[in-house]
Structures are given as structure tokens and as C-alpha cells.
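Written out below as C-alpha cells is the structure these notes cover.
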Amino acid sequence: MLEALALKGVQFAVSAEEKTDRVSDLVDRASKGSGEAFGQLYQLYVDRIYNYIYYKTGNTVDAEDLTEQVFIKAWEAIRRFRFEGKPFAAWLFKVARNVVIDHYRTRKNNTDLSEVISAIAHDGDPEAFAQRRATAQVLMTAIRRLTDEQQQVILLKFIDGMDNTEISAAMGKKEGAIRALQYRALLALQRILMDERYGLERMPARAT
Amino acid sequence: MFKPEDVLEKVLSGELTRQEAIDHWPEMHDRLMMLTDLTDELRALPEQRPDPEFRNRARLHLLQRIQETERRRAPWQRILDPLAGLSGWGTGVSALGVAGGVLATAVGFASVNALPDDRLYPVKRAVENVRLALALSDEAKAGVYLDVADRRAAEIAAVASDVDDRQLHSLTFDYGTTLQQMNLVVQKLPSPPLPLLDKMQSHLASQATELEARAVNSSSRPAVQQSLTDAEMVASNVVDHVTFVAEQRGSPGVQDVRLANNAPAAATASAQTIQQLATATPAPAVGVSPNASPSVAPSQPKAAATPPATPASVAPAASNPPAASAWDGQFDRLWNDVAGAPYMGQKVRLQLEQHVVDAKQNARAGRFDSAIADLNAFEAQLQQAVKTYQATQYTASHLTAEANGSIAALKAGSPSAH
């Protein structure tokens, strides 16, 4: 059945340029109602969306549930998608962000960081391992204390690896504004970390 | 004048190294050190990857949702879909007009053998949709779906080497969707007639065999091979579902019954032929397979696709052919039963056949322990096949019992009488 098709996702090794062409072709067909094309888009983006949502929610159950919702919402909305020079990923992450916001409108942010910690590779050096664990835990907690916009720019840039052009499309802001937001977000994050690591607030995060 | 965020961006984008930036703007030394350390830490955070099982489950849910959306669209829209790409058609023409016109004219008739790159192909697809819309009972619908699946499989096989990957994916997707819809319709039937299940089983097995043969021949194009293998898997899985439906009805499945009735006779006949030929060639009779279909003869592509199983290549080295031994009949029987077993994935079938061939050769050479090991591997493979839905429990227990009989005989040192 379809399940077998689903189990064997179609993977291609393609260059970035070919990939862009292929994505716009898939988006074009999907927006005309091709479920097959949308299925391929799912294969291409599900890992990125999941990773992003995971860092927003901090637990597998929510990340899975919301990732599924993102793609269902995207399928329902894709007929209205127009390229207009904007990357598809930016649109998709916008959908993802809205799904997460909707989710937290009805629920308290309850994060369990134990899973992130378990995803950190153990390379046999106990000290380094403990260090990485501690760093990741502190960082994740700190990211969640940022404002939503600051979180968004940090996650898209450093967790997903988008460039500023894509982030600007995803957040509907000019690139200059993204650079400023990124700078402020990093300062705020740094301040929270200082606070958490040393229990005192050094170096007030004031943009110079 | 500079903005600190622009300086940071130059470092983050790799335009400047951290040291170069500090050399330019020494007043930003502390801040740059601190923030780039922080971004390094952020970039080192582990990537969270979804569980593969979730990934597939979610994709399946998504595909189901997509199909529901498609089902909600007006029937006439769906019927006319295939004509959308045909200039001069579709627009401004009423659905009934087109449907009636298509049915009434020879165009529809002439389109039956159209391939995806033919001009009449959209007409062929539209006619299929009309047939589906006109099939009132679920049983009739199942029949039309099976026919459509036959056509898609034949088209895939015919054009796989010529069309681009996109077109091929689209065809295999349609093939999978058709089979899924057929399956849904069959499951709705309170008591699906056995002849229908029988027909479905044999057609699907033929489709899987045909697709597999093409996949093996497409090794130079991995994406095509993958598509064909996917399609073959879909067919094999649906065969399994059909078996399940048959088993639920208290019948082990039409094919199993027929095999049980006929196999011994067929196997004996085949074993006799082998004895008469007095060569070392096992020459297993694939004809036992009940999967014959008018359009695709399963034995043909299968032999072409599977060099290890062809008589020539499984024959012991020609330079030193051991005499046909008293053991041969035993293993030929088992080989025939594997070859004819219904509801089995083609790859599994080939692997099982290979184990039997190995066991036969070992038994001939008097290496009974090795032969027993081959048969144990055979049984382990069968169990694995059941777990991965590549063989039914019924077939597996039947073949395991037979292999156990051979193991006992090998241990006792004399072939079991049959």
C-alpha cells in the first residue's frame, strides 16, 4: 500500500542549485493539488521542521504532534502559496511558528530537557561529555527565556542554519532588522547565561 | 560609523575572521569574543532528528489527509483532472458531455493502449475515472481498480527507462494510490467473493514480478530502481492484505488451497523430469506457480531477473557434475513449493530458493551438516519474512514443516519417502 511508498522515502543526492529547482517544481505541482509532490516536500523538510519545533517545545511528544500538524496545515494552505522570490522553507517555518504559538495559547510551556541531554554524543571522555551536557542544558533553558522574536532568530540561524535572506523572508522583516535583532538576541542570551552561570548580572546587555 | 550588529554579521558570515574584526574595531574586543563563543556553543547544540517510525507514520497520516481532500472535490472535477493538460479539452466543456462523448467515440477505445507520453493518454485516464464513477457496487469498483492497477504497472514497466524521474514517481504514486483504494473497497465488502480475491492475488503477484524484473534491469539508474522496487513492495503488501482478508473468512486463501491440491503432483512430475534428464540440473518447474496472468507471464521476467535461480547458474559446476542423488526429489519438491508459494515477496522467494539449492548441492556431496545448516538458514529467513510481511504465516508453517522433514531425514541419513 501507500505505506510501503511512505516507508521508502525518495532521497536524491543533488546540488544546492538542482535542489532549488526541484523544490520550486515540487511546490508548483503541490500548489496545483499534486499530493505526490507534497509528499516529496515532506521528505525534504520534515527533519528540519522537527528539529526547530523540538527546540521550541523541548519534548518529543509535542515535537512529533506539532510537526505533523505543520505539514497538514501546509498542505491545506499550499494552494494559496505564491513564490514571489521567497524561499519555500521560509513560508514553511512561518507555518511552523504559528502552529507552535497556537499550541502554547492553550498550554503552559512545560519543558523537559532530559531528552536533549540524552541526544548528546558520549565519546568516551566523561569530563568533556559532562561539560557538553551542562552547556546544552543551560543553553536550552536560556533560549526559552528569550522573547518569541529573539528565539525565532536564534533558532532559525543557529539551530536550523538558515541564512539571513531566508530568515528575513520567514520573519517578514528586512535583512538589516534581522541583523539588529540577531545581535540583540545574542546579547540577551548572553546576559541570561551570565545570570544562570554565575548568579550575578555582569555586563548589562545594552546595545552600543 | 559602523553598527555593532554589522560587525558581528561579518564575522558570523565568514567575511572576516574574529581576529580581523578585532583588529579593525578594537573597542569591540570583549563583546566579539563573548558573542562568537556563544554562537559557537549554539552551533554545537545537537541536532534533534525525528524517530524514523514517527517520520513514516506522520507521512502516512499526511497522505491519508491528502486523499481525503481529493475525495471531497466534486466528482466531475476528478473525472476531468487527467484532461487538464490537454489543450482544447476540459475548459468550457461540461463533464457529462466529455464523459458521454469519450465513451461514445472510438477515441476512448483507441486510447486503451496509450502510454504516458502519448497524446491520447489523458483520455485513457479520463475514461478510467468514468468507469470508476459508473461502477456502483464495491465489488465492481474493486474490479475496475484492479484493472487500472494492471494498466499502471504495465505503463511503469513500459516507460521506466525512458521517462524522467518525476514522471516515474508520479506514475508509481498513482499505482500505489490505486492499490490502496482497491484495498479499502475490498475491506468494505462483507464477504468478498473468493474468485475476486483469487484474481486480485494473481494479478498483483504478476505486477510485482514484472516490476521487480524491470528494477533488477535498472541498476544503472538508482532512482528508477528505487521507484520500481517501491511499486513492487506496494503490490506485495496488498497481496498480503488480500490473503489476510481471505484468512479472516476462514479460508487459508484460494491459492493456498489450490497449491495444496496440486503441488505434490506438479512437484513429482518435475522431479521425474529431472531424473529422466539424468543431468545435474535441478530445472525447477516454475509453472507450478498459480500466478499466471494473460498479460504477464511471471516465470519469464523472473528468470531473466534472477540469474542465481536460473537452471544454468544453479547447476553444479559443469566440469564435475555429481550424479543425481536420491536426495534430489526432496529438495526439488521444496524448491517447487517455494517457487509456487503465493503471497510472498519476490526477494524473499529468491533467497529461500537459493538456500534450497545450496542444501541440495551439499546433500549430494554428502555434506549433510552443511545441508542442515542451509535448511536452518531457510527457516530463519522464513520467520524473518513473516515478521516483515513478506510471507504469510500459513505459507511459512507449511514450508517450515517441509524443511523440518528434510532436516530429520538428513539427520537419519536417508531421504524421506514421499
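Numbered from 1 within each chain, the chains take letters A, B, ... in sequence-line order.
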ask   = How many angstroms lie between atom CD1 of A:I72 and atom NE2 of B:H61, to the nearest 0.5 angstrom?
value = 8.0 Å
request  = First locate atom CD1 of A:I143, then atom CG of B:L45, and finally report the distance between them rounded to the nearest 0.5 Å.
outcome  = 6.0 Å
ask   = With only heavy atoms counted, which part of A:L186 is less than 4.5 Å from chain B, the side chain, the backbone, both or neither?
value = both
inquiry  = Heavy-atom cut-off 4.5 Å, strictly under: side chain, backbone, both or neither for A:L181 against chain B?
reply    = neither
query = Yes or no on side chain to side chain contact (heavy atoms under 4.5 Å, CB included) for B:Q48 and A:I159, after CA distance, side-chain angles and deciding distance?
reply = CA-CA 10 Å; B:Q48 301 292 323; A:I159 303 297; over 6 Å; no
request  = With side chain to side chain contact (heavy atoms under 4.5 Å, CB included) as the test, would you mind laying out the steps for A:E68 and B:F54 before giving the verdict?
outcome  = CA-CA 9 Å; A:E68 217 179 307; B:F54 155 74; 4.1 Å; yes
query = Any donor-acceptor pair under 3.5 Å linking the side chain of A:Y54 with the backbone of B:E47?
reply = no
query = Based on non-hydrogen pairs under 4.5 Å, which of B:D51, B:T178, B:T39, B:D174 is most in contact with chain A?
reply = B:T39
request  = Could you give me the CA-CA distance, side-chain angles and deciding distance for B:L12 and A:Q182, then say whether side chain to side chain contact (heavy atoms under 4.5 Å, CB included) is met?
outcome  = CA-CA 11 Å; B:L12 292 180; A:Q182 162 185 281; 3.4 Å; yes
ask   = Quick one: are A:E36 and B:T177 in side-chain contact, heavy atoms under 4.5 Å?
value = no
task = Measure across A:Y42 and B:A58 and return the closest heavy-atom pair with its distance rounded to 0.1 Å.
result = OH-CB, 3.4 Å
message = Looking at B:R43, I'd like to know if its CZ atom is crowded, meaning that more than 12 non-hydrogen atoms belonging to other residues, nucleotides or ligands lie closer than 6.0 Å.
response = yes
query = Which bit of A:D163 comes within less than 4.5 Å of chain B, counting heavy atoms only: side chain, backbone, both or neither?
reply = neither
ask   = How long is the gap from OH on A:Y183 to CD on B:E9, to the nearest 0.5 Å?
value = 13.0 Å
Heavy-atom pair with the smallest gap, counting every atom of B:E5 and A:A180 = OE2-CB, 3.3 Å
note = Whatever's closer than 4.5 Å to a heavy atom in chain A on B:L42 counts as both
task = Classify the side-chain pair B:H169/A:Q40 by whether it contains a donor and acceptor separated by less than 3.5 Å.
result = no
message = Would you say that more than 12 heavy atoms from the other residues, nucleotides or ligands in this model lie under 6.0 Å from the CD of B:E53, or not?
response = no
key: Between CG on residue A:L41 and CG on residue B:L62, distance to nearest 0.5 Å   = 10.0 Å
